[in-house]
Amino acid sequence: MGDQMLGKLEPLLRIKWTGRRRFAVWSICVSVIVLLFAFRVATDAEFALASVALFAVLVIGWIEGKKGGLVIAVLAAAMWDLGDYFAGRQFSSDWIPLANAATRILTYGVVAILIAELRQQLVREHKRATHDVLTGLINRRAFVEAGATESARARRYRHSLAVAFLDLDNFKQLNDTHGHQTGDNALRAAALAASAALRNSDIVARLGGDEFAILLPETSFAAAQEVGEKLSKAVNGALSIFPPVACSIGVACFEKSDRQFSEMLQAADELMYEVKANCKGSVLVAVVSALPQAKRGHKHVG
């Protein structure tokens, strides 16, 4: 499926259809069908507006999938035929209304199934475009987008924000000595451990190779130190069965979101490389600001 179509429909895929939203949409769609029924009765079935009911079928099919789409399809077809009945429309044969009903159910049903299938396909394409296949984490593209959104929100509400950068030490050595399958298992273990150690609001991604990054919204320096230590223990603990691999972590804490997210990620990357240069397998947390001296905290794990 083309990236252009995915890009245009992506905002629709991001909408969270909560109970209230679902109820509102169902109410609107059912109301449209009932109004069509009333209009058909009032005009003695003179106007043919059967295609308008497709609006309700398309919307419900997109939100609820095949089952919901088929339910609204049957309802739309039934209301249309009831409109003909109450309007007193006459047919030359008794089987014609039944044939019309079957045709409408078939048409509306096919539309409901097609729109549901389209959404499922778009969801799969979106996941492939935004997630790492090996670990199931979001990829660099999705992480940068989420980071830009979160940093803008932090700037608007004057909240603190932290970004962590993780890199696996001696990963190439593991691949060379034990094979890429073992290396893949180590990456999965690191991803799982990192995800389990974080809050639901935190966002973890695999940037590529053996590099991971984490977005920590509304995280102060003290909280970043706690998260960094917890993260280091969890990931290094998970990697202990893959010697000699360990995890070096740099955590950049921003009390003000006063720069581009790419610069925030770079700051965390630089802290991670400082860890690699001085004490592999540990974590370094620092407040990054315009001040000459950054406030730093260092924790060695292992």
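What's counted below: heavy atoms across the whole structure, side chains too, no hydrogens, waters or symmetry copies.
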Report task. Assess whether atom NE2 of His178 is packed by more than 12 heavy atoms of other residues, nucleotides or ligands within 6.0 Å. Result -> no

Report summary line: Heavy atoms of Ala164 and Ala268 approach each other most closely as C-CB, 4.3 Å

Query raised in the report: Is a side-chain N or O of Asn170 found less than 3.5 angstrom from the main chain of Gln173, in a donor-acceptor match?
Result: no

Query raised in the report: Would Phe143 and Phe261 count as a ring-ring contact (aromatic ring centres under 6.0 Å, His included) if you check the C-alpha gap in whole Å, the side-chain angles of each, and the deciding distance to 0.1 Å?
Result: CA-CA 10 Å; Phe143 184 74; Phe261 181 70; 5.6 Å; yes

Requested in this report: Tell me whether Val71 is reachable from Tyr108 by hopping between hydrophobic residues (I, L, V, M, F, W, Y) whose side-chain heavy atoms are closer than 4.5 Å.
Outcome: yes

Query raised in the report: How close do Lys280 and Lys276 get, heavy atom to heavy atom, and via which atoms?
Result: CG-O, 3.5 Å

Query raised in the report: Hey, what do you get for CG (Leu98) to OG1 (Thr103), rounding to the nearest 0.5 Å?
Result: 10.5 Å

Query - Spatial distance of atom OG (Ser232) from atom CG (Leu284) [nearest 0.5 Å] - result: 11.0 Å

Requested in this report: Kindly compute the distance separating OG (Ser248) from CG (Leu271), expressed to the nearest 0.5 Å.
Outcome: 12.0 Å

Report task. Heavy atoms only: give me the nearest Ala205-Asn139 pair and the separation to one decimal. Result -> CB-O, 4.1 Å

Query - Cluster check Ile105, Met79: I/L/V/M/F/W/Y, side chain < 4.5 angstrom - result: no

Report task. For residues Leu134 and Arg188, determine if any side-chain heavy atom of one lies less than 4.5 Å from a side-chain heavy atom of the other. Result -> yes

Query raised in the report: About how many Å separate CG of Asp210 and CG of Asp167, when rounded to the nearest 0.5 Å?
Result: 4.5 Å

Report task. Provide the closest heavy-atom pair for Ala146 versus Ile203 in the form atom of the first, atom of the second, distance. Result -> CB-CD1, 3.9 Å

Query raised in the report: Should Val59 and Leu70 be counted in the same cluster of Ile, Leu, Val, Met, Phe, Trp and Tyr side chains packed under 4.5 Å apart?
Result: no

Report task. For the pair Ser220 (side chain) and Ala223 (backbone), establish whether a donor and an acceptor sit closer than 3.5 Å, ignoring hydrogens and angles. Result -> yes

Query raised in the report: Any chance the side chains of Gln121 and Glu125 put a donor and an acceptor closer than 3.5 Å?
Result: yes

**Report entry** Other residues, nucleotides, ligands: >12 heavy atoms within 6.0 Å of Gln120 CD
**Finding:** yes

Requested in this report: Would you please test Leu187 and Leu168 for side chain to side chain contact (heavy atoms under 4.5 Å, CB included) and show each step?
Outcome: CA-CA 9 Å; Leu187 290 171; Leu168 303 191; 3.7 Å; yes

Query raised in the report: Of all heavy-atom pairs between Leu239 and Ala190, which one has the smallest distance, and what is that distance?
Result: CD2-CB, 4.2 Å

Query raised in the report: Any side-chain heavy atom of Ser257 within less than 4.5 Å of one from Glu150?
Result: no

**Report entry** Contact check, side chains of Cys253 and Gln225, non-hydrogen atoms, under 4.5 Å
**Finding:** no

Query raised in the report: How many angstroms lie between atom CG of Leu137 and atom CG of Leu207, to the nearest 0.5 angstrom?
Result: 10.0 Å

Query raised in the report: Hey, which of Arg259, Met264, Gln266, Glu255 is the one that makes side chain to side chain contact (heavy atoms under 4.5 Å, CB included) with Val288?
Result: Arg259

Query - Gap separating the CG atom of Asp132 from the CZ atom of Arg140, nearest 0.5 angstrom - result: 12.0 Å

Query raised in the report: Any side-chain heavy atom of Val227 within less than 4.5 Å of one from Val251?
Result: no

Query - ILVMFWY cluster, Val144 and Phe254 together (side-chain gap under 4.5 Å) - result: no

Query raised in the report: At their closest point, which heavy atom of Val57 faces which heavy atom of Ile115, and how far apart are they?
Result: O-CG2, 4.4 Å

Query - Heavy-atom side-chain proximity of Arg153 to Glu218 below 4.5 angstrom - result: yes

Query raised in the report: Linking I/L/V/M/F/W/Y whenever any side-chain heavy atoms sit under 4.5 Å apart, do Phe221 and Leu231 land together?
Result: yes

Query raised in the report: Does the side chain of Leu215 reach to within under 4.5 Å of the side chain of Val163, using non-hydrogen atoms?
Result: yes

Query raised in the report: Would you say the side-chain atoms of Ser240 pair up with the backbone N or O of Gly237, donor to acceptor, closer than 3.5 Å?
Result: yes

Requested in this report: Report yes or no: does Arg206 contribute a side-chain atom to a donor-acceptor pair with the main-chain N or O of Gly209 at less than 3.5 Å?
Outcome: yes

**Report entry** Residue Asp94 excluded, over 12 heavy atoms near CG under 6.0 Å
**Finding:** no

Atom pairs and distances, donor-acceptor, side-chain atoms in residues 25-37, under 3.5 Å, two or more places apart:
from	atom 1	to	atom 2	distance (Å)
Trp26	NE1	Glu64	OE2	3.0
Ser27	OG	Phe23	O	2.8
Ser31	OG	Ser27	O	2.6

